[in-house]
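Each chain gets a letter, A, B and so on, in the order the sequences are listed, and its residues count up from 1.
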Amino acid sequence: MQLRGRFQRSFFEHGCLAAAPSLLGAYLVHRIGPGDERVGRIVEVEAYLGDGSDPSSHSHRGETRRNRAMFGPPGHLYVYRSYGIHICANVVCEAPGRGAALLLRAVEPLAGLAAMRAVRGLRPDAPDRELGNGPGKLCQALDIRLDDYGTSLLHGRLRLRPRQPGDPHPRVARSTRIGISKGRERPYRFFVADHPCVSHGRPS
DNA sequence: GAAATGATCGTCT
DNA sequence: GACGATCATTTCA
């Protein structure tokens with residue numbers, strides 16, 4: 001796998017369950033164009049395993065046209081359309097061929113809030129937490145599209161940036177996942193405890 | 001607040 | 001032909 005640096009290695013070499021908490025507090029940075037940079041701090045993720053044991057993972061039944069990116073290199077994006085309407089984004093983790101990924105469920109918006117509000121169709125006085133507190137909302141706010149399928153988060157316009165040395169260490173909480181019908185009992189949802197920008201879906 | 005509902009479409013069975 | 005890793009809105013308590 002073409003990962004460079006301690007950050008990327010620590011993220012993806014110990015399995016997606018181990019990587020999940022280290023994604024909390026990391027930054028998602030999208031340089032869309034001059035004067036349009038959108039940044040969010042990740043506050044909620046869900047792990048979907050790649051060993052075939054996780055019935056709600058899109059990789060569960062093996063590789064298909066749709067989930068091909070899940071089996072690709074770690075640090076790349078697996079994007080899909082949900083319910084025919086929304087877009088959801090995952091960070092591929094673990095080695096190629098495994099099919100493990102982390103679903104990005106919520107971010108705290110840090111930069112580009114005006115553009116996020118506009119594209120989300122929210123009123124100017126809508127609270128900041130409404131911008132990215134859900135997997136579909138997050139993609140809309142950060143302008144992640146199906147076109148970004150398979151692209152790398154380690155270089156390019158859209159990047160994952162590690163928690164910075166001065167950043168407070170997030171208090172990590174854990175629960176079952178949201179909105180799934182199989183594998184409900186698995187505690188694979190990780191989020192920052194008491195953070196206002198966490199999604200309000202109900203754990204299974 | 002919590003729960004129910006309809007919108008909408010690509011992918012896989 | 002059925003089914004979602006969702007969201008916004010409505011309805012009820």
Side-chain angles (χ1 to χ4, degrees), chain A residues 15-17 19-21 23-24 28 40 42-72 74 76-94 98-109 116-150 153 173-192 194-204:
Chain A
C16 66
L17 287 176
L23 214 49
L24 297 179
L28 209 47
I42 299 170
V43 296
E44 179 181 350
V45 300
E46 278 176 3
Y48 289 87
L49 271 45
D51 57 11
S53 74
D54 181 1
S56 57
S57 176
H58 285 179
S59 66
H60 179 233
R61 293 171 192 274
E63 188 171 337
T64 64
R65 156 104 119 271
R66 176 217 210 181
N67 67 19
R68 194 180 69 249
M70 280 186 93
F71 294 87
H76 288 229
L77 218 45
Y78 164 52
V79 188
Y80 67 94
R81 186 188 298 279
S82 179
Y83 290 88
I85 303 173
H86 301 103
I87 300 300
C88 295
N90 299 247
V91 182
V92 178
C93 42
E94 304 189 16
R98 300 248 334 139
L102 295 166
L103 170 69
L104 302 174
R105 284 200 55 93
V107 295
E108 171 191 356
M116 293 179 184
R117 258 193 196 83
V119 73
R120 298 230 41 244
L122 297 174
R123 305 170 46 137
D125 62 341
D128 293 353
R129 64 168 177 277
E130 291 298 324
L131 297 180
N133 61 345
K137 301 176 181 180
L138 169 166
C139 286
Q140 200 180 8
L142 285 166
D143 196 40
I144 298 174
R145 310 168 178 221
L146 285 174
D147 301 350
D148 297 304
Y149 188 94
L153 289 167
R174 215 174 151 164
S175 80
T176 53
R177 294 172 289 186
I178 293 173
I180 56 172
S181 55
K182 291 162 283 188
R184 288 180 163 143
E185 69 291 346
R186 295 168 177 248
Y188 292 167
R189 171 174 174 254
F190 299 79
F191 57 100
V192 179
D194 301 319
H195 197 290
C197 297
V198 164
S199 75
H200 35 243
R202 220 172 56 261
S204 304

Engineer: Looking at A/D128 and A/R117, does any basic side-chain N land under 4.0 Å from a carboxylate oxygen?
Structural biologist: yes
Engineer: How far apart are the C-alpha atoms of A/S204 and A/R177, what are their side-chain angles, what is the distance that settles it, and do they pass the side chain to side chain donor-acceptor pair (under 3.5 Å) test?
Structural biologist: CA-CA 6 Å; A/S204 304; A/R177 294 172 289 186; over 6 Å; no
Engineer: Look at A/K182 and C/dA5 and indicate whether a side-chain polar atom (N or O) is within less than 4.0 Å of OP1 or OP2.
Structural biologist: no
Engineer: In whole angstrom, what separates A/D54's CG from C/dA5's P?
Structural biologist: 11 Å
Engineer: Here's a test for you: under side-chain contact (heavy atoms from CB on, under 4.5 Å), which of A/L138, A/V107, A/V192 qualifies with A/I42?
Structural biologist: A/V107
Engineer: Does A/Y80 make a side-chain donor-acceptor contact with the base of C/dA5, cut-off 3.5 Å?
Structural biologist: yes
Engineer: Starting from C1' on B/dC12, measure out to CZ on A/R66 and report it in whole angstrom.
Structural biologist: 9 Å
Engineer: CD1 of A/I85 versus P of C/dC3: gap in Å, rounded?
Structural biologist: 17 Å
Engineer: State the dot-bracket string of DNA chain C. Criteria: Watson-Crick or G-U wobble, both atom distances under 3.5 angstrom; notation: ( ) intrastrand, [ ] crossing earlier pairs, | interstrand, . unpaired.
Structural biologist: ||||.|||||||.
Engineer: Rounded to whole angstrom units, what separation is found between the CD atom of A/E63 and the C1' atom of B/dT11?
Structural biologist: 15 Å
Engineer: Could I get the full list of side-chain hydrogen bond (donor to acceptor under 3.5 Å, both in side chains) partners for A/H58, not counting sequence neighbours?
Structural biologist: A/Y78
Engineer: Taking the nucleotide of DNA chain C with the closest heavy atom to each, which residue, A/E130 or A/G179, is nearer the 5' end?
Structural biologist: A/G179
Engineer: With rounding to the nearest 0.5 Å, note down the distance linking CG in A/L77 to SG in A/C139.
Structural biologist: 7.5 Å
Engineer: B/dC12 C1' sits how many Å from A/R81 CZ, rounded?
Structural biologist: 16 Å
Engineer: Answer yes or no: does a side-chain N or O of A/R202 lie under 4.0 Å from OP1 or OP2 of B/dA3?
Structural biologist: yes
Engineer: Just the rounded figure in Å: distance from C1' of C/dA2 to CZ of A/R61.
Structural biologist: 13 Å
Engineer: Could you pull out the closest heavy-atom pair between A/D143 and A/R145, with the gap in Å?
Structural biologist: OD1-NE, 2.9 Å
Engineer: Give A/S56 one of three labels, base, sugar-phosphate or nothing, depending on what nucleic acid heavy atoms sit under 4.0 Å from its own.
Structural biologist: base
Engineer: Counting side-chain heavy atoms from C-beta on, which of B/dT11, C/dC7, C/dG4 comes nearest to A/P135?
Structural biologist: C/dC7
Engineer: When you measure from the side-chain N and O atoms of A/H86 to the phosphate of C/dC7, is any distance below 4.0 Å, counting only OP1 and OP2?
Structural biologist: no
Engineer: For a quick test of reading the model: is some side-chain N or O of A/R120 closer than 4.0 Å to OP1 or OP2 of C/dC7?
Structural biologist: no
Engineer: Is the ring centre of A/Y48 under 5.5 Å from the base ring centre of C/dA5, and are the two planes under 30° apart, so that they stack?
Structural biologist: yes
Engineer: What is the distance from NE2 of A/H60 to P of B/dT13, rounded to the nearest Å?
Structural biologist: 11 Å
Engineer: Using a 3.5 Å distance criterion without hydrogens, assess whether the side chain of A/E44 forms a donor-acceptor pair with backbone atoms of A/S199.
Structural biologist: yes
Engineer: Does A/R68 count as lying over the ring of A/Y149, i.e. NZ or CZ under 6.0 Å from the six-ring centre, within 45 degrees of the axis?
Structural biologist: no
Engineer: Round to a whole Å and report the spacing from CG of A/L122 to P of C/dC7.
Structural biologist: 12 Å
Engineer: In whole Å, measure the gap between the C1' atoms of B/dG10 and C/dA8 for me.
Structural biologist: 22 Å
